[in-house]
Amino acid sequence: MRLLALAAATSAILGCAVEEGASEPPAASSTDVAAAGGVRFVDVTAETGLDFVHATASAGTFPMPAIMGGGVAAFDADGDGLLDLYFPNAGSEIAGEAGRNRFYLQQPRGRFVDATAGSGLDNPGYGMGAAVGDIDNDGDLDLYVTNFGADVLYRNEGGGRFVDVTAELVVATPGWSTSAVFLDADLDGWLDLYVARYVQWHEARECQVQGGRIDYCGPQQFEGEADVFYRNEGGRRFVDRSRDAGVSLIEDAGLGVVAADLDEDGLPDVYVANDADPNQLWINRGDGVFEDDAVLLGAAYNRFGVGEAGMGVALGDIDGDRDVDLFLSHLIEETNTLYVNLGGTPGATAGFEDRAAEAGLAAPSTRYTGFGTVFFDADNDGDLDLAVVNGAVKQRPETLPDRDDWFWRGYAEPNLLMLGDGAGVFADASAASADFGTALDVSRGLVPFDLEGDGDLDLLVSNLEGPARVYRNETITEVATGTAGWMRLRVVDPGLRRTVFGASVVAWIDGRPVRRLVLPLGGYLTGGEAPLHIGLGDATNVERFEVTWPGGAVEEFAGTASGNEVVLARGEGR
């Protein structure tokens, strides 16, 4: 069924809901943007050897999947400790050789080589995004590729080689899948899988905008798709438990998805950003059943009770109170939404409240359509910052300057970089961020990663109908205060031979607790596993670590000096 937003009206552009007479409260004051002048991300794609160019061969024909794809997977595929990349594409049957999916292995010194041939990663479908996780606890990372059409699961055989086990493990999800995420929903040690699905698109439908011009359809023109939840049966197969779990009861247009313990009861929950439908917050009841409490907990609609065009989703503790806040990217003329966690007691959270305006995140977003988004520490000061990559889904009312002969110029938009102050307020540093904030692409996927191992986070952006881009972080060399301390963590269970998704780490830095979550990469069509990165600011060490494992057990570990990579292994702390 299609749930209706409270007191919603439909706009003519994309059907996005706007409450009549509603107005945004004034944004809270924040740090002067001039202070963010040293935060720089420079395009070094050519230096890295990464030559992937997304192609759909659809310019001027407006098939809806062509404007929604463009994801990426970033993970250590061959076990050498370096992040490798996989790019889903439109498929060779549609776009020819240019539409092939591509797989890149990272070499020392941050260079990538095309390793597609012989890798086994020949996705036969129309690629959207990906999820990454160790499905059989053998110590290497496997890859699930979402498609417009049947999805594909690849088992990692080691050395950068994969084999298609979709039929063997029974996970050929039909329809139009978008984002997916691995999680251990029942805490049995095996990673289960949640797949968000979009709409029941059919190419015979032609959509027009004001003036009768043909453009890409919006989700309101089609029925939604129910999401899918698979239970992992000991690494041998997956069983579709969608109906028993309750997630098949709602058919909405799902795009972004994350899995985290949002009610602090020790069990991972699932949050889904829906496009023009209310979002879902699937609370894990621990008996194989999820209940959608998004409305009850204040995370379904914006502050006006309106369902928005949810695209990407990010989460993190943005105000230092040690609970998890949510951020969603939205459509042009809507504001991105920040759902601040109101706290509560374990298993009885008080819910969330939209405070995007107070945080300074509303006004900068209204001119763009946001997709991939992530909280990360751009300047290693210990506070979470925010990046959002943008790209329109219908031709913009004003075309931004770009190449005159490029069909996609009417959809290209610059990105946003917002610097956090640690108390929940952000300053717009986009214009001062060099290439990241000024590039004009139709962007979709976003990954923070340390390309050169120098202790700061760089950014990878995947784009529709254009090249993927690597932006090197040159912030630390620019910041006069010299705040450059950092720590990289891996949180593992030796018995499972893998990272423990769903664990939570509190690092004590100069007496201040800094909380980070151990989660696979997410956002929008993005999957992967990367070590936790914690900026230390002027501190020279972490005093101690406190790890809360899924299920609620707490373990303490000794601290260490800045600039180290640390493994926190379950059962080896104090």
Side-chain angles (χ1 to χ4, degrees), residues 27-45 47 110 312 314 316-320 327 329 336 338 359-361 363-365 367-368 370 372-390 413-441 443 446-461 469-488 509 514 516 523 530 533-539 562-563:
S29 61
S30 63
T31 307
D32 186 358
V33 171
V39 180
R40 293 172 48 82
F41 287 87
V42 177
D43 189 342
V44 294
T45 310
E47 297 176 27
D317 177 12
I318 56 106
D319 49 12
F327 175 84
S329 57
N336 292 340
L338 174 68
L361 296 174
S365 66
R367 296 183 60 219
Y368 310 120
T373 182
V374 64
F375 285 119
F376 75 120
D377 192 347
D379 49 7
N380 280 356
D381 65 353
D383 303 323
L384 286 178
D385 308 305
L386 176 71
V388 185
V389 295
N390 301 311
E413 296 178 336
N415 303 315
L416 291 174
L417 179 66
M418 311 293 297
L419 296 186
D421 67 353
V425 177
F426 292 79
D428 188 352
S430 308
S433 66
D435 296 338
F436 177 76
T438 58
L440 287 175
D441 290 304
S443 299
L446 174 63
V447 176
F449 72 118
D450 188 352
L451 174 67
E452 299 161 316
D454 58 357
D456 54 19
L457 291 175
D458 311 295
L459 294 173
L460 167 73
V461 179
R469 300 190 189 276
V470 176
Y471 296 96
R472 184 171 61 211
N473 190 339
E474 296 186 352
T475 300
I476 301 304
T477 60
E478 298 285 340
V479 175
T481 58
T483 54
W486 60 277
M487 187 75 59
R488 189 153 43 238
I509 305 168
V514 175
R516 298 289 185 264
H533 176 94
I534 300 176
L536 306 185
D538 293 321
S562 171

Leu361 side, atom CG; Thr373 side, atom OG1 - distance, nearest 0.5 Å: 9.0 Å

Sub-4.5 Å side-chain heavy-atom contact between Leu459 and Phe376: yes

Thr45 side-chain N/O to Val470 backbone N/O, donor-acceptor pair under 3.5 Å: yes

Check: Asp441 and Val461 side chains under 4.5 Å, non-hydrogen atoms: no

Asn336 (side chain) donor-acceptor with Gly370 (main chain) under 3.5 angstrom: no

Asp421 side chain vs Gly424 backbone, donor-acceptor pair below 3.5 Å: yes

Name of the residue among Asp43, Val389, Val42 meeting side-chain contact (heavy atoms from CB on, under 4.5 Å) with Phe436: Val389

Partner of Asp428 by side-chain contact (heavy atoms from CB on, under 4.5 Å), out of Pro364, Ser365, Ser433: Pro364

Interatomic spacing from CZ in Phe327 to CG in Leu384 - rounded to 0.5 Å: 13.0 Å

Whether Asp458 side chain and Leu451 backbone form a donor-acceptor pair below 3.5 Å: yes

Atom pair CZ (Arg472) and CG (Asp450), whose distance is rounded to the nearest 0.5 Å: 12.0 Å

Considering all heavy atoms, the nearest Leu536-Ser562 contact: CD1-CB, 3.6 Å

Gap separating the CG atom of Asn473 from the CZ atom of Arg40, nearest 0.5 angstrom: 10.5 Å

Approximate separation, where rounding is to 0.5 Å, of Asp317 CG and Asp383 CG: 10.0 Å

Atom pair CG/CZ of Asn415 and Phe41 - distance to nearest 0.5 Å: 11.5 Å

Exercise: identify the closest heavy-atom pair between Pro448 and Val374: CG-CG2, 3.8 Å

Non-hydrogen side-chain atoms of Ile318 and Phe426 separated by less than 4.5 Å: yes

Gly485 versus Asn380, closest heavy-atom pair with distance: O-CB, 3.5 Å

Heavy-atom pair of closest approach, residues Gly535 and Asp377: CA-OD2, 3.3 Å

Shortest non-hydrogen contact between Ala378 and Leu419, atoms and distance: CB-CD2, 4.5 Å

Heavy-atom closest contact (Pro414 atom, Asn390 atom, distance): O-ND2, 2.7 Å

